[in-house]
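Counting begins at 1 with the first residue of the sequence. The basis for the numbers below is simple: all heavy atoms, side chains too, and nothing from hydrogens, waters or symmetry mates.
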Amino acid sequence: MTAIRKFVPADTPTDIWAELKLPNEDAKIRAIVNSGFRVGLLSHTADILGLSCAAVGNALGIVSTTLARRRKQGRFNREESDRIYRLIEMTNRATGLFKGDRNSAVRWMQSSIPALGQKKPIDMIQTSADTLAVLKLITRLEFGVHS
């Protein structure tokens, strides 16, 4: 008779911040955003989300010519980095809402949501006000407040 083995999950990062090897500390991440994220972070984020760089760039409002320029420079500017930060935080919060199921979180972020005026959360990254509306909705859903 074989002994029952205990399941030991693979060592995976608990959140997208760890997966992207970014600090989850306010002061450190603010400093990185202010100095500009490295360009490679965008493709790594797109891979994690299962989206193309073009789709993520479009959601962030970064056109292909600007992206090509940033690749040469090596870094995004502060405003672009801030939008990337919003995408990462929105993804992190949505993943928490879906109990760690990132695929469901990304599908939700790409769906038209009635509480957001039929907008897709991923299309609400370009302004702080829009992103805050998505994060507030996630908080309401976490607490069971649907209106």
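What you find for Pro121 and Ser111 is that their closest heavy atoms are CD-O, 3.3 Å. Between Pro114 and Ser112, the closest heavy-atom pair is CD-O, 3.7 Å. Nearest heavy-atom pair across Arg83 and Gly61 is NH1-O, 3.5 Å.
Between the CE atom of Met90 and the CH2 atom of Trp108 there is a distance of 7.5 Å, given to the nearest 0.5 Å. Atoms CG and CG, on Leu20 and Asn92 in that order, are 10.0 Å from each other to the nearest 0.5 Å. Expressed to the nearest 0.5 Å, how far CD of Gln126 lies from CG of Leu60 amounts to 7.5 Å. Rounding to the nearest 0.5 Å gives a distance of 9.0 Å between CD1 of Ile48 and OG1 of Thr91. How far CD1 of Ile62 is from SG of Cys53: 10.5 Å, rounded to the nearest 0.5 Å. Note that OG1 of Thr139 is 7.0 Å distant from CG of Leu135, once rounded to the nearest 0.5 Å.
Side-chain atoms of Arg102 and Val106, non-hydrogen and from C-beta on, do get closer than 4.5 Å to each other. Put simply, the side chain of Pro23 does not reach to within 4.5 Å of the side chain of Trp17, judged on heavy atoms. Contact annotation: the side chain of Ser104 never approaches that of Lys99 to less than 4.5 Å [non-hydrogen atoms, C-beta and beyond]. Using a 4.5 Å heavy-atom threshold, the side chains of Val134 and Lys119 count as separate. Between Leu42 and Phe76 there is a side-chain heavy-atom pair separated by less than 4.5 Å. Counting heavy atoms from C-beta on, the side chains of Ile122 and Leu51 come closer than 4.5 Å. When side chains are defined from C-beta on, Leu41 counts as touching Leu22, because their heavy atoms get closer than 4.5 Å. Residues Lys120 and Ile113 fail the side-chain proximity criterion, which asks for heavy atoms closer than 4.5 Å.
In the model, Gln73 has a side-chain atom that pairs as donor or acceptor with a side-chain atom of Arg70 under 3.5 Å.
With respect to the salt-bridge test (charged N to carboxylate O, under 4.0 angstrom), the residues Asp82 and Arg86 qualify. Taking a cutoff of 4.0 Å between a charged side-chain nitrogen and a carboxylate oxygen, Arg75 and Glu80 do not qualify as a salt bridge.
With respect to Thr127, the side-chain contact (heavy atoms from CB on, under 4.5 Å) criterion is satisfied by exactly one of Thr131, Ile125, Asp130: Asp130.
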Go through the steps to decide whether Thr95 and Asp101 satisfy the test side chain to side chain contact (heavy atoms under 4.5 Å, CB included), and finish with yes or no. CA-CA 6 Å; Thr95 302; Asp101 183 349; over 6 Å; no
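Qualifying salt bridge (charged side-chain N to carboxylate O under 4.0 Å, His left out) partners for Glu142, counting only residues two or more places apart in sequence or in other chains: Arg93.
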Which donor-acceptor pairs under 3.5 Å do side chains of residues 25-39 form with protein atoms, sequence neighbours excluded?
| from | atom 1 | to | atom 2 | distance (Å) |
| --- | --- | --- | --- | --- |
| Asn34 | ND2 | Arg30 | O | 3.0 |
| Ser35 | OG | Ala31 | O | 3.2 |
| Ser35 | OG | Ile32 | O | 3.1 |

